[in-house]
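Naming convention: chains lettered A, B, ... in sequence-line order (proteins, then strands); numbering from 1 in each chain. FYI, side chains are in, hydrogens and waters are out, and symmetry mates aren't considered; it's all heavy atoms of this structure.
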Amino acid sequence: MALKVYNTISGRKEDFVPVTEGKVKLYVCGVTVYDHCHIGHARSAIVFDTIYRYLRSKGFDVTYVRNFTDIDDKIIRKSHAENIPWQEVGQKYIQSFYEDMDALGVLRPDHEPRATQHIGDMIALVENLIEKGHAYNIGGDVYFSVDSFRNYGQLSGRPLEEMVAGARVEVDEKKKNPLDFALWKASKEGEPSWDASFGAGRPGWHIECSVMSTLYLGNPFDIHGGGKDLVFPHHENEKAQTEAATGEKFVNYWVHNGFVNIDREKMSKSIGNTLLIRDFLKEYHPEVLRLFYLSNHYRSPVDYNGQTIDDVNTALHRLYYTRERAQEAQIGKTFEVRSYPQAEEIAKKFAEAMDDDFNTAAALSYIFELSKEINRMVEKKDESATALIASAEAVFESLAGTLGLLGDNLESLESREKIRHLTRMGFDASFVEGAINDRVEARKSRNFQKADEIRDMLAEKGIMLLDTPKGTQWRIKSSVS
RNA sequence: GGCGGCAUAGCCAAGUGGCUAAGGCAGCGGUCUGCAAAACCGUUAUUCUCCGGUUCAAAUCCGGAUGCCGCCUCCA
């Protein structure tokens with residue numbers, strides 16, 4: 001099976017051929033650490049986490065690098081505003097980032113360099129570009145000259161002349177071309193700075209990724225990823241400066257994920273509709289967000305709204321219930337393990353979907369198909385099927401795991417909801433259990449009217465009851481607020 | 001002004017030339033139940049925004065119309 005990857009630079013799916021057979025070098029632009037992360041950051045993290053997981057499951061030896069931008073204008077602004085050292089701003093939000101990512105089940109990349117750890121390498125790259133005539137120094141500010149690089153605009157598909165005509169570029173008299181971008185910003189009062197042969201200052205934004213990606217992954221490397229908005233100018237500029245310096249190709253495959261809208265509106269700080277990951281997690285299990293994103297193709301925009309999230313939440317529970325039933329069906333049974341051809345067939349289709357530019361939405365459909373298949377077998381209550389159930393369940397878990405799903409257990413999935421709900425409603429579990437006991441008594445004496453009254457009373461409080469062979473259990477009705 | 005994307009059932013959403021148009025949610029029918037609920041099973045688009053065209057064959061390709069959206073400025 002050949003993996004195909006959509007390459008932004010060509011605008012089409014291409015066969016994936018790694019630089020070194022069996023290995024994949026993956027670089028993804030991380031976050032600028034000046035605030036808590038929102039669910040848009042989560043999409044990028046989850047998309048590339050899934051790509052990382054899948055490539056590894058295919059047997060590739062993957063080196064995954066994701067950076068932290070820990071020096072930039074926004075960080076400095078925050079440090080002034082809150083009157084704390086800029087280093088502390090970075091430290092604080094790196095920690096916040098890790099809390100969020102760990103909660104979301106996003107695997108740690110192999111390397112997570114910070115911009116400030118590689119200032120020396122950036123200075124060397126700027127010197128190189130000045131030497132080669134691709135950069136010029138004006139009063140300590142060093143700019144990259146876009147006119148000196150023939151292929152400028154290749155990635156984003158914008159001819160130079162038209163971009164200049166675009167007129168939305170801030171005109172800076174110092175620049176030779178309005179599109180020239182800063183490699184190095186001259187030292188200013190109250191800002192961090194590093195000494196360099198061309199004058200003290202701090203690096204521009206794009207230079208760090210050029211340095212860190214090639215340093216850890218070589219040149220060229222396989223996949224460079226990030227949000228769609230980074231295509232221009234960030235990645236275009238990274239590409240220009242790197243290729244101008246090395247004279248070689250920088251990246252083979254450019255992969256960009258689409259954006260997140262909220263209620264059909266762009267999520268942005270100015271509109272004030274950003275949803276932080278930590279706020280989302282107060283309401284839903286982290287895998288709800290993952291399943292939501294993976295239900296959409298990574299390149300499409302997605303619309304976040306309460307209705308859809310509740311639907312996804314229900315769907316996620318379905319997968320957990322299937323696993324629970326499959327496991328219960330095996331308890332106390334002895335059987336010989338054997339493979340189950342239908343499950344293998346589904347696993348094959350799953351891989352084909354993932355090989356087709358990481359089509360997680362299609363891949364998910366096979367997981368649900370397998371879920372249904374398992375349920376059918378369990379439902380038959382046929383002892384001889386136990387071995388098949390066991391092997392189908394193993395495949396089911398393996399596929400889900402490749403997408404980062406079913407990493408929790410059902411009890412934890414449900415208990416989170418219960419705790420949240422009870423806290424909000426202002427009563428505790430003992431109240432619910434007391435009411436359930438009363439109802440059990442009423443039912444024993446066949447006083448069904450009273451039993452139903454208790455059930456209705458709890459239902460009004462968002463608690464639903466389930467009379468199971470193991471006794472009466474309770475759950476939270478979804479979307480009760 | 002320039003560049004690009006999207007339009008598929010009540011909702012979300014995959015599918016880019018040809019088997020019965022995935023999957024999820026909701027709905028409906030059933031199993032179960034004191035009745036329910038949950039869970040599970042079954043079922044739900046002769047049709048893919050509209051109009052032309054290419055083709056033996058199009059949701060899929062081409063042209064046009066309409067609507068929605070993104071990027072071009074920091075942004076995942």
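- Regarding Leu316(A), its CG atom lies at a distance of 13 Å from the P atom of rA39(B), rounded to whole Å.
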Output one line per pair: protein atom, nucleotide atom from nucleotides 18-24 of chain B, and distance, for all N/O pairs under 3.5 Å.
| unit_1 | atom_1 | unit_2 | atom_2 | d |
| --- | --- | --- | --- | --- |
| rA22(B) | N3 | Ser365(A) | OG | 3.4 |

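- The C1' atoms of rA21(B) and rG34(B) are separated by 44 Å, rounded to the nearest whole Å.
- One can find a donor-acceptor pair under 3.5 Å joining the base of rG34(B) and the side-chain atoms of Asp452(A).
- Residue Trp474(A) places none of its side-chain N or O atoms closer than 4.0 Å to OP1 or OP2 of rA37(B).
- Across rC11(B) and rG1(B), the matching P atoms stand 33 Å from one another, rounded to whole Å.
- Residue Asn359(A) places none of its side-chain N or O atoms closer than 4.0 Å to OP1 or OP2 of rA14(B).
- Atoms CZ (Arg12(A)) and P (rG4(B)) sit 14 Å apart, rounded to a whole Å.
- Residue Thr308(A) places its side chain closer to rC12(B) than to any other of rC68(B), rC12(B), rC74(B).
- Ring orientation note: the planes of Tyr320(A) and His285(A) are nearly perpendicular, at an angle over 60° on the 30°/60° scale.
- A sub-4.0 Å separation between OP1 or OP2 of rC75(B) and a side-chain N or O of Thr274(A) is absent.
- Closest to the side chain of Pro233(A), out of rC71(B), rC74(B), rA76(B), is rC74(B).
- Using cut-offs of 30° and 60° for the angle between ring planes, the Tyr321(A) and His317(A) rings count as tilted.
- Checking rA38(B), rC74(B), rU16(B) against every side-chain atom of Asp356(A), the shortest atom distance belongs to rU16(B).
- Using a 4.0 Å cutoff on non-hydrogen atoms, the parts of residues 68-76 of chain A near RNA chain B are Lys74(A), ordered by number.
- By the 30° and 60° cut-offs, the orientation of the rings of Phe149(A) relative to Phe144(A) is perpendicular.
- Look at the C1' atom in both rC19(B) and rA58(B): the space between them is 16 Å, to the nearest Å.
- The side chain of Asn375(A) places an N or O atom within less than 4.0 Å of a non-bridging phosphate oxygen (OP1 or OP2) of rC41(B).
- One can place NZ of Lys228(A) at 18 Å from P of rC3(B), the figure rounded to the nearest angstrom.
- Between Lys380(A) and rC40(B) there is no side-chain N or O to OP1 or OP2 distance below 4.0 Å.
- For the pair Phe292(A) CZ and rC12(B) C1', the computed distance is 9 Å after rounding to whole Å.
- In this entry the distance linking CD of Glu328(A) with P of rC40(B) reads 13 Å, nearest Å.
- Spacing between atom CG of Leu319(A) and atom C1' of rC40(B) amounts to 14 Å, rounded to whole angstrom units.
- Comparing rC68(B) with rU55(B), their C1' atoms sit 31 Å apart, to the nearest whole Å.
- Ser371(A) meets the side-chain hydrogen bond (donor to acceptor under 3.5 Å, both in side chains) test with Thr322(A); sequence neighbours excluded.
- Every pair passing salt bridge (charged side-chain N to carboxylate O under 4.0 Å, His left out) that includes a residue from residues 400-415 of chain A is listed here, sequence neighbours excluded: Glu414(A)-Arg475(A).
- Taking atom P on both nucleotides, rU47(B) is separated from rG30(B) by 29 Å, rounded to a whole Å.
- Rounded to a whole angstrom, the distance from the C1' atom of rA14(B) to that of rC72(B) is 31 Å.
- Between Tyr64(A) and Tyr52(A), the angle of the ring planes lies from 30° to 60°, which puts this pair in the tilted group.
- Distances were taken from every side-chain heavy atom of Ser300(A) (C-beta onward) to each of rA39(B), rA14(B), rA13(B); the shortest belongs to rA14(B).
- Protein atom CG of Leu291(A) is 12 Å distant from nucleotide atom C1' of rA13(B), rounded to whole Å.
- Defined by atom type and a distance below 3.5 Å, a donor-acceptor pair is missing between the side-chain atoms of Asn7(A) and Ser10(A).
- Considering only side-chain atoms of Lys266(A), the nucleotide from rA38(B), rC35(B), rG70(B) that sits closest is rG70(B).
- Positionally, the nearest nucleotide of RNA chain B for Lys13(A) lies more toward the 5' end than for the other of Met267(A) and Lys13(A).
- At a cut-off of 3.5 angstrom, counting only N and O atoms as typed in the model, there is a donor on one side and an acceptor on the other between the side-chain of Asp467(A) and the base of rC35(B).
- For rC74(B), the OP1/OP2 oxygens have no side-chain nitrogen or oxygen of Arg77(A) closer than 4.0 Å.
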Can you check side chain to side chain contact (heavy atoms under 4.5 Å, CB included) on Met101(A) and Ile277(A), steps first, answer last? CA-CA 9 Å; Met101(A) 291 304 131; Ile277(A) 293 169; 3.9 Å; yes
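- Every residue was checked against the salt bridge (charged side-chain N to carboxylate O under 4.0 Å, His left out) condition with Asp110(A), not counting sequence neighbours, and none meets it.
- At a threshold of 4.0 angstrom between heavy atoms, the contacts of Tyr321(A) are confined to the sugar-phosphate backbone, with no base atom among them.
- Comparing rU60(B) with rA7(B), their P atoms sit 11 Å apart, to the nearest whole Å.
- Counting non-hydrogen atoms under 4.0 angstrom, Arg325(A) reaches the backbone sugars and phosphates but no base.
- Side-chain to base pairing of Arg455(A) with rA36(B): one donor and one acceptor N or O lie within less than 3.5 Å of each other.
- Taken residue by residue, residues 36-51 of chain A places heavy atoms nearer than 4.0 Å to RNA chain B at His38(A), Gly40(A), His41(A), Ser44(A).
- In this structure, Arg446(A) and Val302(A) both approach RNA chain B, and ranking their closest nucleotides by distance from the 5' end singles out Val302(A).
- Taking atom CG on Asp303(A) and atom P on rC12(B), their separation rounds to 8 Å, with Å as the unit.
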Residue pair Phe68(A), Thr116(A): steps toward the side chain to side chain contact (heavy atoms under 4.5 Å, CB included) verdict: CA-CA 9 Å; Phe68(A) 284 112; Thr116(A) 55; over 6 Å; no
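- To the nearest whole angstrom, the two C1' atoms, one in rA59(B) and one in rA13(B), are 14 Å apart.
- By the 30° and 60° cut-offs, the orientation of the rings of His111(A) relative to Tyr216(A) is tilted.
- For Trp205(A), taking side-chain heavy atoms from C-beta onward, the closest of the listed nucleotides rC75(B), rC41(B), rA76(B) is rC75(B).
- Here Arg323(A) lies out of heavy-atom contact (under 4.0 Å) with every strand.
- Results of the side-chain hydrogen bond (donor to acceptor under 3.5 Å, both in side chains) test with Lys4(A) over Asp355(A), Asp15(A), Asp357(A), Asn359(A) single out Asp15(A) as the only residue that passes.
- Across all strands shown, rA38(B) forms no Watson-Crick or G-U wobble pair with both distances under 3.5 Å.
- Taking only side-chain atoms of Val260(A), from C-beta outward, the nucleotide of rA76(B), rC40(B), rC35(B) with the closest atom is rA76(B).
- Among the nucleotides rC72(B), rC11(B), rC40(B), the one closest to any side-chain atom of Phe232(A) is rC72(B).
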